Amino acid sequence: MKQNLFVYNTLTRKKEQFEPLNAPHVGMYVCGPTVYSDVHLGNCRTYISFDLIFRYLTHLGYKVRYVRNVTDAGHLEGDTDEGEDKISKKAKLARLEPMEIVQKYTVGFREVMKIFNNLPPSIEPTATGHIIEQIELVKVMLDNGFAYEVDGSVYFDVEKYNATHDYGMLNGRNLEELLNNTRTLGGQQEKHGKLDFALWIKAKPEHLMKWPSPWGVGFPGWHLECSAMSHKYLGDQFDIHGGGLDLVPTHHTNEIAQNVACCGKNPAKYWVHTNMLTVNGQKMSKSLGNSFLPDELFTGNNHILNKGYSPMMVRFFMLQAHYRSTLDFGNEAMEASEKGFKRLMTAFGLLGGLKASGANEYDVAALKQKCYEAMNDDFNSPVLIAELFEASRVINSVHAGKLKLDVENIELLKELMNTFVIDVLGLKDEHTENEELPKVLDFIVKLRNEAKGNKDYATSDRIRDGLQKIGFQLKDSKEGTTWSKV
RNA sequence: GGUCGGAUGGCCGAGUGGCUAGGCAGAGGUCUGCAAAACCUUUUACAGCGGUUCGAAUCCGCUUCCGACCUCCA
């Protein structure tokens, strides 16, 4: 399906028409999690955003290879050689093998992704599985003269690189600005320039995760794995490179420099960045202590939360904001969103029972077109959702007999809802009743209607109120009584 | 301090020059034995000040406030 898709590119700070390098194939690389602790909700937002993008591109018919790495090699805590590897530190404290830590949080991360109904990426490469590739890249950078070795460590020479390339192309800053604003940190004696960053770091004897290299035993620098793995699986140049907005100034800037230094090419055509999830206006992050874990959200077991929210509801809440806007987390907003989500899914559930009529009073095709226009405008899920609420209104009206749709339009409406609610937004109905439950409820409803028929309202209300308490709501209408889970 | 981004009605959140965003909440109505749900109608906006324009939430300038990055961070 040919669509006029526009994508905001951080490189140009503009929305650009999406034209894959090798259509119908699309290569997308997204910076994944560092698996030294539980993934928090802010991280989840980024992966839900890219899942939306992955799903939409796939829906449009592109053959997407979606690569999302798992950073399991551990990064330094500070910009110093004294910094301790995060994974090693945790391992020592817990007296576990580093890879045990990695395994635990990798498994946890994948579980959370599944709970949020994120599709698995095509490839999830690990940093430790690509040490050789990373070493190879360092060799190339040394050969090309953009890197230098000092006592078993290798650094990238930013000023030399910038003499022939634009180091600040992604964050829009020139080198002078960057040099003037870099704080003086300890442990930089080995570096030739203030902005130089490590490609390979000499390991101290107590360091747990380390590998042999041409420069001695050490471990890869913080930005190298993404260059190595994106290059290995997607080539010199691919279509989309994504990640959180906070990766722009350092991680992605350095990544571009590495790839250019190796292959002479900016690795990605479109750089896509998702904005932060905030709590009371502040970025959610581990270090600020305002982050919370998915499980706390589901159970409501957190001092910020009034109650728990279901995973699909949270996903819906996040998709109600555009991925490039900050999204502030709050109970009131969540509760409002929850009601909206139920409204949407209730309408979705009515689709199967809609009765076609000879006449047709609504142009579903036009609404469908609006849905595509929303998504084509830089994956504007909030506008798409607004259109889906319009679709819900249509469904409810037809259900109530107040609006007529012919067979063709009803089919179109079903297709529209299935496409956008299920396939593109990745939402699903969470009701998990067993097979007998509907039968039991139908039987109770039948008993109640008998009481109602006898004008025994005391009994019929008792049944209705009782079911309400258990969590089932009865709705009377001319066509009969329906029930739904609250 | 430097760079970048933001400020929309009670809450959240779209929208980049004229055309209803949407959800939740509030008000009125239809339906109903009563409810609920649904449907219809409806109130409350574009941080402040100036400028450009026939016309600005939208463009420009200034002010105030907030945030992000500059140090690992999605």
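This one's a predicted model, so the numbers in the text were calculated from it and none came from an experiment.
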Counting side-chain heavy atoms from C-beta on, which of B/C40, B/G33, B/G15 comes nearest to A/K452? B/G33
Where the side chain of A/R173 is defined as all heavy atoms beyond and including C-beta, which of B/G2, B/A74, B/A21 is the nearest nucleotide? B/G2
Side chain of A/R464, base of B/A35: donor and acceptor closer than 3.5 Å? yes
For [N], give the paired nucleotide (Watson-Crick: N1-N3 plus N6-O4 or O6-N4; G-U: N1-O2 and O6-N3; both under 3.5 Å), or none.
N	answer
B/G67	B/C4
B/G55	none
B/G9	none
B/C31	none

Look at the side-chain N and O atoms of [X] and state whether any lies under 4.0 Å from the OP1 or OP2 oxygen of [N].
X	N	answer
A/N43	B/A74	yes
A/S325	B/A14	yes
A/N380	B/A14	no
A/K283	B/C73	no
A/N171	B/C4	no
A/R343	B/A38	yes
A/R393	B/C40	yes

P gap between B/A14 and B/G9, integer Å: 13 Å
Do we see A/Y457 stacking on the base of B/G33, given a limit of 5.5 Å between centres and 30° between planes? yes
A/D377 backbone acceptor or donor facing A/Y8 side chain under 3.5 Å: no
NE2 of A/H399 versus P of B/C39: gap in Å, rounded? 11 Å
How many whole angstroms separate atom CD of A/E387 from atom C1' of B/G23? 13 Å
Using side chain to side chain contact (heavy atoms under 4.5 Å, CB included), reason through A/E296 and A/I304 one step at a time and then give a plain yes or no. CA-CA 10 Å; A/E296 294 173 337; A/I304 300 169; over 6 Å; no
Taking the six-membered ring for Trp, are A/F341 and A/F348 ring centroids under 6.0 Å apart? no
Aromatic ring centroids of A/Y372 and A/F420 under 6.0 Å? yes
Just to be sure I understand the rule, does A/S285 reach a base, reach only the sugar-phosphate, or reach nothing, if contact means heavy atoms closer than 4.0 Å? base
With a 3.5 Å cut-off and no angle check, do the side chains of A/N259 and A/S227 form a donor-acceptor pair? yes
